[in-house]
Amino acid sequence: MQFKSKLSQRIILSVVLLTTIVSGLFAIGLTATIHYVEKSLVTSELQKDFARVFEDYQDGRELRLDEGSAFFPAGPTLPDYLRSIPTGYTEIVLDNRDHAFYVYHLVKGETSYFLVKDQRSFEKAEIVLQRAVWSGFVFCVLASFVLGVFMVKRVIAPVRKLTRQVVNRGIFKEQPPPSLASEHANDEVGALAKAFDSTFARLQQALRREVLFTNDVSHELRTPLMVIQSACEILVAKKELDGYARQRIESIRRAVKKMKSLVEAFLALARGEDTPSEMATLDAIVQSEFSTWQQLAEQKKNRLLVQQEMAITASKGVEYRAVLLRTVIDNLIRNAVHHTAEGEIVLVLKAAGFEVRDTGSGIAIDEITKVFKPYYRGTASHREGLGLGLSLVQRICEREHWSIVLEQNQPQGCCFRVNLE
């Protein structure tokens, strides 16, 4: 059984439960002991008194009865409450404890004899004692709760302190973070603090390596891309180039532009920081990239359409990180083209986001939750690509607090719905 309540609540509950069990067993045991001792002592005393009184009764002498005692032989004068009691010692309480008696019943020959002794005073004392026992039980339970609350603050204080330190701790890239273990005793919490120190140290090293790697990627990839882009611009400026050569060079320029966008997107995701970047509206990105997406769709004899809802005008002024939004739309359209042949791909611009619909091979119900996993390619895939496009899309959406949902398009294909708000 797994408890999901707070640790402090579990400690208090454990203290109260333990106290309740121990004090309850003690109270029950004490009450049972009182009754046992009472029965043993009173039985012994009644046996002695019965022998003395019965001897007087047989000899015809005046009965030597203690105060509050009475002797009855079986007969018509026998009180009703004595007629059905067994032989030996019996304790009788009548009228809600207003009348209480010890009775010793013994059969001599064919006649029953009863020695009755009033025990109201002892009954009252017994009630007071039982109330004291159970009042002590209740007091112990309440005291354990108060003590548990007081103790838990001291017991949990180091854990809460460590929690605050871990939550408020930043990632130190240039210098080692201060030690957590040095501020805690050499106990279980101290051991946990040492484990955190070790984990933070490894995390810092990993972050440092990642920062160096992303910086190297940024520098090493941008340089050759700039060379290719400059070479394309020089070649396009030459007048002797025919139309076919210019078209090929333009294709190279678009590929370089896409590579630069991807590099920027990957670096933004890897760094996890809100660095300054180009901002653009959804409508502006679609207008600037539509021709590229259209050519991509035509390569597989597809039609690419853009539809706008009436409410889209209200959100035209909202700007987003251009490289990230461009990468999301580009990957979704390329995914739609990849799974559609001689069909239709529709980009629907909405007030709060957009949809990419296609009439391709569709998606199985059991694969809807898997397509965003890295390296996953569905059963309908033609084994092109590495299966990273949709994973990249989801990571970008998570970073920018966008939402993406995949649904089956009716009557055929897929529909990716992205909410940018």
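Residues take their numbers from the sequence shown, with the count starting at 1.
Scored by the side chain to side chain donor-acceptor pair (under 3.5 Å) test, Arg253 finds no partners at all (sequence neighbours excluded). Legend: residues meeting salt bridge (charged side-chain N to carboxylate O under 4.0 Å, His left out) with Asp80, ordered by chain and number and at least two apart, are Arg83. Not a single side chain to side chain donor-acceptor pair (under 3.5 Å) links Gln294 to another residue, sequence neighbours left out. With sequence neighbours excluded, no residue forms a side chain to side chain donor-acceptor pair (under 3.5 Å) with Thr43. With sequence neighbours left out, Ala132 forms a side chain to side chain contact (heavy atoms under 4.5 Å, CB included) with no residue at all. Among residues two or more places apart in sequence or in another chain, the ring pair (Phe, Tyr, Trp, His ring centres under 6.0 Å) test is passed with Tyr104 by Phe50. For Asp118, the side chain to side chain donor-acceptor pair (under 3.5 Å) criterion is met by Arg120, not counting sequence neighbours. Contacts of Glu344 classified as salt bridge (charged side-chain N to carboxylate O under 4.0 Å, His left out), with partners at least two apart in sequence or in another chain: Arg303. For Phe114, the ring pair (Phe, Tyr, Trp, His ring centres under 6.0 Å) test picks out His105, with sequence neighbours left out. Applying the ring pair (Phe, Tyr, Trp, His ring centres under 6.0 Å) criterion to Tyr81, with sequence neighbours excluded, gives Phe101.
Using a 4.0 Å cut-off between charged nitrogen and carboxylate oxygen, Lys117 and Glu45 count as a salt-bridge pair.
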Only pairs under 3.5 Å count here: list side-chain donor-acceptor contacts from residues 142-156, not counting sequence neighbours, and write none if there are none.
unit_1, atom_1, unit_2, atom_2, d
Ser144, OG, Cys140, O, 3.3
Ser144, OG, Val141, O, 2.5

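Residue pairs that meet the salt bridge (charged side-chain N to carboxylate O under 4.0 Å, His left out) test with at least one member in residues 326-335, sequence neighbours left out, are Lys258-Asp330, Glu289-Arg326, Asp330-Arg334.
Residues Trp293 and Phe290 keep their aromatic ring centres 6.0 Å or farther apart.
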